[in-house]
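Since we're looking at a predicted model, the values are computed, not measured.
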Amino acid sequence: MEQSAISPGRAAPASALPMSAKSRRAALVAAIFLMATSAIGPGFITQTATFTSQLGAAFAFAILASILIDFIVQLNIWRIVTLTKMRASDIANAAIPGTGYLLAVLVIVGGLFFNIGNIGGSGLGLNAMLGLDPKWGGAISALIAIGIFSSKRAGVAIDRLIVVAGVLMILLTLYVAIVSAPPVGDALFQTFLPSTINFATITTIVGGTVGGYITYSGAHRLLDKGTVGIENLGAVNRAALTGIAVTGLMRYVLFLAILGVVASGVVIDVSGKGANPAAQAFQAAAGDVGYRIFGAVLWFAAITSVIGAAYTSVSFITVFKKDISERARNIATVIFIAVSLFFYVVITTPPAQMLVFVGGLNGLILPIGLSIFIYAAWARSDLMAGYRYPRWLLVLGVLACALTWYMGYKSIGPIFALLSPTA
């Protein structure tokens with residue numbers, strides 16, 4: 001990804017980085033799309049297809065719960081990073097000494113697992129598009145990601161391509177949602193009054209869209225761009241809300257598209273070897289052309305997610321070495337992708353199952369980081385130059401934190417059971 005001139009792991013003094021309105025907009029758009037690309041990746045697509053086929057219209061409640069949690073989490077994380085002008089791990093260490101190292105390890109490990117899933121998603125995309133074996137497709141995609149990241153102009157190219165991929169994904173999914181003719185009335189009813197509630201499902205979908213490294217991806221991009229300080233707080237809040245609104249809308253449209261297929265009686269394979277649930281749903285609704293186009297969009301979502309996961313995860317390494325050079329950081333990112341590829345090749349868990357598992361794993365990491373940040377906002381206003389943190393946002397943060405802890409406790413068993421080949 002594009003690197004800034006700010007030293008990794010250090011505060012980004014706004015006074016040292018005067019920003020025009022145009023450059024600030026560019027920074028906000030970059031942060032929105034980095035977060036959205038991370039959230040709207042192969043894991044999110046596969047999780048939605050898997051759970052919709054299992055729960056039917058009742059999955060709408062999980063989507064609503066995840067959107068509400070996402071709003072609260074991102075508003076708090078982006079605000080605190082913006083006001084403190086520090087990376088998440090540095091904030092944690094300043095608030096509770098030592099916790100920054102714990103958070104960094106958890107995010108890096110979670111990001112590694114997520115990247116294994118992202119590479120698996122790229123394999124599924126090439127399988128749907130070209131018929132390649134998912135293992136070979138994943139290997140080719142990882143090598144392409146390493147090549148893209150090594151380019152000096154990678155940041156500019158990726159930012160532009162991410163926008164194109166997002167538009168294509170929304171248009172294709174909207175088309176499938178229309179032709180699949182889902183039971184919209186039942187979906188709306190069960191959004192608020194579900195026939196069943198599955199905590200493992202909610203934890204997984206939350207983890208797939210705002211858990212682990214995704215929580216900090218947009219915030220760290222803002223920091224690297226110098227969009228920090230109270231003078232940028234209003235714009236940062238709008239960017240956070242916009243990013244979650246876009247991912248939330250996409251999530252619901254995708255759910256409706258797959259629900260229409262499931263409601264028509266089509267049985268989707270979610271656990272077989274080489275299963276590709278979302279691709280099956282798109283093919284059932286839009287035929288072979290839709291299947292191939294879906295494969296192309298899934299692959300692009302996966303390749304950008306591979307880069308986003310590596311970029312954000314490696315940004316946490318700076319807590320262990322403050323003066324790490326840009327070149328060393330680039331090398332670490334390439335190694336991170338290569339290690340992800342190695343584990344993807346040797347792990348026997350089906351790619352679709354792995355994508356669901358990594359969302360759940362990141363959902364288990366979420367309450368730990370959120371707890372540290374809520375404490376910092378509540379008790380360490382000195383880190384934010386004495387800024388009086390909104391009490392309503394703190395209360396919502398505490399409630400979201402308690403809920404994520406409870407969901408994590410209830411779902412840890414089912415989530416890790418997904419690693420079993422017979423799960």
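With values rounded to the nearest 0.5 angstrom, Ile317 atom CD1 is found 6.0 Å from Ile324 atom CD1. Atoms NZ and CD1, from Lys85 and Ile230 in turn, are 10.0 Å apart once rounded to the nearest 0.5 Å. In this structure, the separation between CH2 on Trp405 and CD1 on Ile368 is 4.5 Å, given to the nearest 0.5 Å. The CD1 atom of Ile63 sits 12.0 Å away from atom CD of Gln190, with the distance rounded to the nearest 0.5 Å. For the atom pair OG1 of Thr82 and CZ of Arg79, the computed distance is 9.0 Å after rounding to the nearest 0.5 Å. The distance from the CG atom of Asp90 to the CG atom of Leu383 is 11.0 Å, given to the nearest 0.5 Å.
For Ser340 against Leu112, the heavy-atom pair with the smallest separation is OG-CD1, 3.3 Å. Looking at every heavy atom in both residues, Ile374 comes nearest to Leu394 through O-CD2, 4.0 Å. For the residue pair Gly138 and Ile119, the shortest heavy atom distance occurs at O-CG2, 3.3 Å. Smallest separation of non-hydrogen atoms from Tyr389 and Leu393: OH-CD2, 3.8 Å. Closest approach of Val319 and Ala104 over heavy atoms only: CG1-CB, 3.7 Å. The shortest heavy-atom contact between Gly120 and Tyr344 is CA-CE1, 3.4 Å.
Other residues, nucleotides and ligands place more than 12 heavy atoms under 6.0 Å from the CZ atom of Arg391. Applying the 6.0 Å contact sphere to CZ of Phe342 captures no more than 12 heavy atoms from other residues, nucleotides or ligands. Within a 6.0 Å radius of OH in Tyr387, other residues, nucleotides and ligands contribute more than 12 heavy atoms. The environment of Trp378 atom CH2 is dense: over 12 non-hydrogen atoms of other residues, nucleotides or ligands sit within 6.0 angstrom.
Put simply, the side chain of Asn76 does not reach to within 4.5 Å of the side chain of Phe373, judged on heavy atoms. When side chains are defined from C-beta on, Ile108 counts as touching Phe336, because their heavy atoms get closer than 4.5 Å. The side-chain heavy atoms of Leu241 and Phe71, taken from C-beta on, include a pair separated by under 4.5 Å. Between Leu102 and Ile372, every side-chain heavy-atom pair lies at or beyond the 4.5 Å cut-off. Within the 4.5 Å cutoff, side-chain heavy atoms of Leu298 are placed close to those of Ile45. Counting heavy atoms from C-beta outward, Val306 and Ser141 have side chains that stay 4.5 Å or more apart.
A donor-acceptor pair under 3.5 Å links the side-chain atoms of Ser53 to the main chain of Thr50, judged by distance alone. Put simply, the side chain of Ser313 never gets that close to the backbone of Ala310: no donor and acceptor are under 3.5 Å apart. The backbone N or O of Ala49 sits nowhere less than 3.5 Å from a side-chain atom of Thr52 that would complete a donor-acceptor pair. Distance alone, capped at 3.5 Å, places no donor-acceptor pair between the Asn127 side chain and the Asp133 backbone. Distance alone, capped at 3.5 Å, is enough to place a donor-acceptor pair between the Asn232 side chain and the Val228 backbone. Side-chain atoms of Arg87 never come within 3.5 Å of backbone atoms of Thr318 as a donor-acceptor pair (strictly under, hydrogens ignored). Of the possible donor and acceptor atoms, none in the side chain of Thr48 sits under 3.5 Å from a partner among the backbone N and O of Phe255. Formation of a donor-acceptor pair under 3.5 Å by the Lys135 side chain with backbone atoms of Val346 is not found in this model.
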Practice problem: Please report the C-alpha distance between Phe61 and Thr196 in whole Å, then the side-chain angles of each, then the deciding distance to 0.1 Å, and finally whether the side chain to side chain contact (heavy atoms under 4.5 Å, CB included) criterion is met. | Solution: CA-CA 9 Å; Phe61 176 78; Thr196 182; over 6 Å; no
Quiz item: Between Arg251 and Asp70, does a side chain to side chain contact (heavy atoms under 4.5 Å, CB included) hold up when you go through it step by step?
Solution: CA-CA 12 Å; Arg251 209 175 311 169; Asp70 289 359; 2.9 Å; yes
Practice problem: Assess whether side chain to side chain contact (heavy atoms under 4.5 Å, CB included) is satisfied between Ile258 and Ile268, documenting all intermediate values. | Solution: CA-CA 10 Å; Ile258 297 171; Ile268 297 176; 4.2 Å; yes
Practice problem: Go through Phe282 and Leu254 one step at a time and tell me if the side chain to side chain contact (heavy atoms under 4.5 Å, CB included) criterion holds. | Solution: CA-CA 10 Å; Phe282 272 62; Leu254 177 65; 3.7 Å; yes
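Defined by atom type and a distance below 3.5 Å, a donor-acceptor pair is present between the side-chain atoms of Tyr252 and Thr191.
Ring planes of His220 and Tyr216: tilted class, angle from 30 to 60°.
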